[in-house]
Amino acid sequence: MKAAGGMRVRMYRVGFGDFFLLSVPTRTGAGHILIDCGVHARDLGSIRDAVTQMAEDCNKHLSLVIMTHRHADHISGFASCSDIFSQIAVDRVWMPWFEKPDDPKAAAFQASLTAMAGHLGQQFRARLAASHDDATEQMLQMAENITGGLGAAGIAANQKALNVLHGGFKTKVQPDYYKAGDTPKLPPDLEDAGLNAEILGPPMDDALITQMTNKNQQYLAGATGTEQDFGRSKPFADAYRGSHEDYNDKAFELYGPDQIIRMIRSAQPDVLAAQAVAADKTLNNQSLVVLFSFGGKNLLFAGDAQWGNWENFLYGGAYGTPGHTELTEKAKGILGKIDFYKVGHHGSANATPKDAVQAMRMGCVGMCSTQEHAYNEVPRAPLLDALRKRMNDQLARSDQVAAGTEEPAPDAGNVPTAFTAPKGGLFIDYSF
C-alpha cells in the first residue's frame, strides 16, 4: 500500500461557501480533485483570486470535479469564473443523482424546488422594498442560494454554473451521477495511484431526502434550541375556519374584519419563511457524500448533508423504524477509522449528528469552511466544541485566515498546529 504522504487537502476562504482541492500523489505528479467551488452570503470577493491560484496549482488540469449539490454557495464560482474553467482540462465530473437529465423524478424534483425558490425570492424582494428587516434579507439569501439569483441576460446564475459543469471545461466530459451505494468511476491516474472512493449519499428514498432535522441529534445552544422553527402554516382544522359574514356586527365593535385578519396573520408563523427553510434544507439533503481512502487514510466529505442523508448512512434507513435504531456496523467502521472530516454545512447544528461525532476516531482532524455572521448561529459553537474534543483541537476554520481585504474572523481563533497557511492568506492546507 502506498503511504499517504504527499496527499493534501486545501480549503479556500471565499466567505460563506465551499471550495476544496484534494491533491493525491500519482506516478506523474499530483492528481487534483476539486470539490465544490462557490460562495453566496458574505462574499469576500476573493473567489476569482482563489480559482486563479487553483488553476495555477493544478497546471490547468483537474483529474476530477465533484459538485456535491447545486446551492450557489457550492457552485457559483463555476459561473463567475467560467472563463478560467474553460481553460482547465477535466477528466471526470461527479454529481448527485438529482442532476441526471434523463431521470424524470430528478428533473421534476429540481424544477419544483427552483420554481418555489423563484416565487419566494419575488415575495421577499417585495417585502424588502416596502420595509427592510434582517430576517427577510436572510430569507431572500436562502431562496437565492437555490437559484443563484439572476445573472446576465436573465439567466439564473446557478444555471450558468450547471452549464459549465455539463460542458464548459476545456475538455468535454459527460458527468457521472451517483447515489448512496454506487461504485464511482475514478480517473485512471487516481485509480492507478491507489485512491479508493465510496459514495455514502444521497439516498434515493424521497422520505429520507425530505427529513431535514432531528433536534435530539443537534448540538443546540440551549434546551429549547434556537433553530428557526416556523411551525405549521395551518394552526387550526378547516372546521374552525370562517369569514366575517359568519358573525354579526357586534363582533366588530372594537376592530373591523380587515384589521382582525391583519392581526391574525401577523401572529401566525411565517409561512413563506418556513417554505424557504424547507426548500433550502431539502436541497442540502441532495448532497453527494464521498469517502476517500488512500494509503491507509480515510477522508469524509459530506457536502451539506442534513438529517435524512446522514440517517441513511448512519442507520441504514429511517431512524426509529425496525432495524434502524442504532448505528450500523458499516457506519461505526467508517467513522471509527476516519482521519479527516470536512464539516457539513459550514458548521450548522443540523448537518453533523451527535451520533456521527461520537463515533469518529479520537485524534482525527477536520476543516470547516464557514463565515461568521452570514446566517444565524452558523457556525454553531457547541458543535465545533464537540468536534474539537474528538480532534484534539485540530479543527481548522476557513475564516481563520485573511482573504482579499478581509481579516481573520475575530472569534475564529488561530489556525491549529496541524495545518499550514501561507502568509498572504486565502487558503489553509492539511498535508498527510
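Computed from a predicted structure; not experimentally measured.
The distance from the OG1 atom of T370 to the OH atom of Y375 is 11.5 Å, given to the nearest 0.5 Å. The CZ atom of F20 sits 8.5 Å away from the CG atom of D36 when rounded to the nearest 0.5 Å. Atoms CG and CH2, from D103 and W97 in turn, are 5.5 Å apart once rounded to the nearest 0.5 Å. Rounded to the nearest 0.5 Å, atoms OG (S369) and NE2 (H346) are 6.5 Å apart. One distance of note links CZ of F340 with CG of N298; it measures 12.5 Å at 0.5 Å rounding. For the atom pair CD1 (I88) and NE2 (H32), the distance works out to 10.5 Å, reported to the nearest 0.5 Å.
The closest donor-acceptor contact from the side chain of N59 to the backbone of H61 lies at 3.5 Å or more, if one exists at all. Judged purely by atom type and a 3.5 angstrom limit, R390 uses its side chain to pair as donor or acceptor with the backbone of Q358. Using modelled atom types, one side-chain atom of R13 and one backbone atom of V401 make a donor-acceptor pair closer than 3.5 Å. With S76 contributing its side chain and G38 its backbone, the two residues share no donor-acceptor pair below 3.5 Å. Proximity of a side-chain donor or acceptor of Y12 to a complementary backbone N or O of D18 within less than 3.5 Å is not detected. The closest donor-acceptor contact from the side chain of N309 to the backbone of N285 lies under 3.5 Å. Side-chain atoms of H166 come within 3.5 Å of backbone atoms of L162 as a donor-acceptor pair (strictly under, hydrogens ignored). Judged by distance alone, the side chain of Q217 and the main-chain N or O of K354 form a donor-acceptor pair under 3.5 Å. Not one N or O on the side chain of T68 forms a donor-acceptor pair closer than 3.5 Å with the backbone of S287. Not one N or O on the side chain of T321 forms a donor-acceptor pair closer than 3.5 Å with the backbone of H324.
The two residues L288 and Y178 make their nearest non-hydrogen contact at CD1-O, 3.6 Å. Closest of all the heavy-atom pairs between S82 and K160 is OG-CE, 3.7 Å. Shown here for R125 and E144, the closest heavy-atom pair between the two residues is NH1-OE2, 2.6 Å. The minimum heavy-atom distance between L384 and C368, with the atom names listed, is CD2-SG, 4.4 Å.
With sequence neighbours excluded, the residues forming a side chain to side chain donor-acceptor pair (under 3.5 Å) with Q87 are K60, listed by chain and number.
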Check the pair I35 / K342 against side chain to side chain contact (heavy atoms under 4.5 Å, CB included), numbers first and verdict last.
CA-CA 11 Å; I35 306 171; K342 196 291 293 187; over 6 Å; no
Worked check of side chain to side chain contact (heavy atoms under 4.5 Å, CB included) between N158 and H40:
CA-CA 11 Å; N158 279 7; H40 182 56; over 6 Å; no
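If you check the side chains of Q218 and R380, you find no donor sitting under 3.5 Å from an acceptor. Side chains of Q306 and N284: a donor-acceptor N/O pair is present below 3.5 angstrom, by distance only. Side-chain contact check for E99 and Q110: at least one donor-acceptor pair (N or O, by modelled atom type) lies under 3.5 Å. With hydrogens and angles left out, the side-chain atoms of D304 and H71 include no donor and acceptor closer than 3.5 Å. In summary, the side chains of D133 and T136 do present a donor paired with an acceptor at a separation below 3.5 Å, with no hydrogens or angles considered. Of the N and O atoms on the side chains of R8 and S23, at least one donor lies less than 3.5 Å from an acceptor on the other residue.
Proximity of F19 to V51: side-chain heavy atoms (C-beta onward) are separated by under 4.5 Å at one or more points. A 4.5 Å side-chain heavy-atom check between I338 and L291 finds at least one atom pair inside the cut-off. Between Q53 and R10 there is a side-chain heavy-atom pair separated by less than 4.5 Å. No side-chain heavy atom of L300 sits less than 4.5 Å from a side-chain heavy atom of I334. The shortest distance between side-chain heavy atoms of M67 and H74 does not fall below 4.5 Å. Two residues are said to be in side-chain contact when any heavy atoms from C-beta on lie closer than 4.5 Å; Q400 and P416 meet this criterion. Looking only at side-chain heavy atoms (C-beta outward), Y319 and W307 come within less than 4.5 Å of each other. The shortest side-chain heavy-atom distance between L327 and Y315 falls under the 4.5 Å cut-off.
The aromatic rings of F85 and F78 are tilted relative to each other, their planes meeting at an angle between 30° and 60°. Ring-plane geometry between Y430 and F419 is classed as tilted, the angle between the planes lying from 30 to 60 degrees on a 0 to 90 degree scale. Ring geometry for W310 against Y341 counts as perpendicular: the plane angle is over 60°, on a 0 to 90° scale with 30° as the lower cut.
Each of H373, E372, E406 was evaluated against R42; a single residue qualifies, E406, per the side-chain hydrogen bond (donor to acceptor under 3.5 Å, both in side chains) test. Each of V65, I199, D182 was scored for a side chain to side chain contact (heavy atoms under 4.5 Å, CB included) with W94, with one residue passing: I199. For the side chain to side chain contact (heavy atoms under 4.5 Å, CB included) criterion with M367, the lone passing option out of V9, D429, V343, L395 is V9.
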